[in-house]
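All chains are named by letter (A, B, ...) in the order of the sequence lines, taking the proteins before the strands, and each is independently numbered beginning at 1.
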Amino acid sequence: MVLLLVVGYLSLAAAELVLWTERPFKKVFTYLFFMALALALSVLIAVNRDLPVPSPLDALRVLGDRLRKD
Amino acid sequence: MKEVVSSQHGIALVILFILGNSPLFSLAGQAGSDLWLAFLVAIALAFPLILVYTRFRILLYGQTLWEGLAAIIGQWPMRILALYYGFYAWRLCSWIVDHVTAFLVAVPYENTPETVFSFGFTILAWWAVKEGLEVLARLSAVLLKIVGLVVFTTFILTLTEANLENFLPFFYHGFTPIARGALQLLNFPFLEIVLFLWAFDSFVSKKSPAQIFIPGFLVAAFLLMLFSSTSLAVVGVDKYVGSYFPGHVAVSRINIARFLSRLEIAAGIVAGIGSFIKLALCLLVASKGFARGLGFKDYRFLVTPLALGVIPGSQWFNKSAMEIHKKATAVWSTYNFVIQVGIPILLWIIAEIKLGKKSRGAE
């Protein structure tokens, strides 16, 4: 499944980049960076369906509660 | 490239955006039989904020959103805000896809994998966003007619099953449940309209923001009130609060002379079209936000990776139908409050101080 995802993302990115009329480095880099993020999330979800969602506000609340107790 | 949308098309976009995936859920269920009062309170509370959004965009008239923001808060804070709202919009995309797929998998297509629907739905939105805001707005104007016709027909037909006693007694549990219901409505879906601050680069005229936001919001809010109140009148308070998709249950009860029945598809059509427009607009704002935040004028090249990210994102944020329902009908969210109320008010105050005099002078 992971291999399938990687191949799918790579071929899609390659196809789309070929279709661009201009390929400035900054734009290509940003596009590939976001593609890599999407691929990483896809792979992580495929490997572990119960991947926890980061919640900075909850972390702050827990920290506040702990400080209040101390 | 500047994308300019006419007022009529803009109104259609706002109406379908607010309707969006909302008809799926038991909106303001906390208020019980006083649901309609919760809607009225929520409309009254949301209206000043809609005016703030409108005034903010009027103050920026004559320059694009990004130029205006850079002028009032500076280049880097504008970029950080764009990234922040871009992430909010992308998260909302994931939620919408999650809501729709959960509905499809729970009701009509029990044995189909969620990914099939999320992929199809996202690809459709990807295509719409690639075409741009103007095409999306024109499409909304066409789709609104279909949605309006379906809502009106369904409303008339469900009246045969409605029992107005379900709205009694008034105020039985006091004002607290009504306030809770109203806060839930503000959280989702009324103030999600904040994304429109970021969707339009510029407007046709100075009055356009007022002509788009205010009637669009009011029409959508009253349509939702009608839809939810009718659902409650048909299924009763307990079933409205207890079921995941009460609108669908209410419409499925239509049975006219054993001939006109099994019309559940009507609820699906409204939610499907609304969710598609909402998803496409959120994807557009996400692309614009990330592109501007990273210093690009063109946003279209980011649509594909962001759309692809929505598919796993829709399976990431919520793990079950119960969690989806619980989060969608949550009364309070600090994250949403900052995005929907805090930052827009702050931006409006800064804009009023920096641009208010000039704007009034021009009038």
| query | Measuring heavy-atom distances to chain A, does B:Leu302 have an atom under 4.5 Å in its side chain, in its backbone, in both, or in neither? | reply | side chain

| Between B:Phe103, B:Phe188, B:Tyr244, which is the residue that forms a side chain to side chain contact (heavy atoms under 4.5 Å, CB included) with B:Phe25? | B:Phe188

| message | Heavy-atom pairs under 4.5 Å with chain B: which of A:Leu37, A:Leu41, A:Leu39 has the most? | response | A:Leu41

| query | Is there a donor-acceptor pair closer than 3.5 Å between any side-chain N or O of B:Trp198 and the backbone N or O of B:Lys288? | reply | no

| Can you say whether the rings of B:Trp95 and B:Phe317 are parallel (under 30°), tilted (30 to 60°) or perpendicular (over 60°)? | tilted

| field | Atom group of B:Phe290 that falls short of 4.5 Å from chain A, counting heavy atoms | value | side chain

| task | Give, as side chain, backbone, both or neither, the part of A:Tyr9 having an atom under 4.5 angstrom from any heavy atom of chain B. | result | side chain

| said: Filter on salt bridge (Lys or Arg N to Asp or Glu O under 4.0 Å), then keep only pairs touching residues 13-27 of chain A, sequence neighbours left out; what's left? | reply: A:Glu16-B:Lys130, A:Lys27-B:Asp298

| field | chain A contact via B:Ile311 - which portion, at a heavy-atom distance below 4.5 Å | value | neither

| field | Parallel, tilted or perpendicular: ring planes of B:Phe117 versus B:Tyr109, cut at 30 and 60 degrees | value | tilted

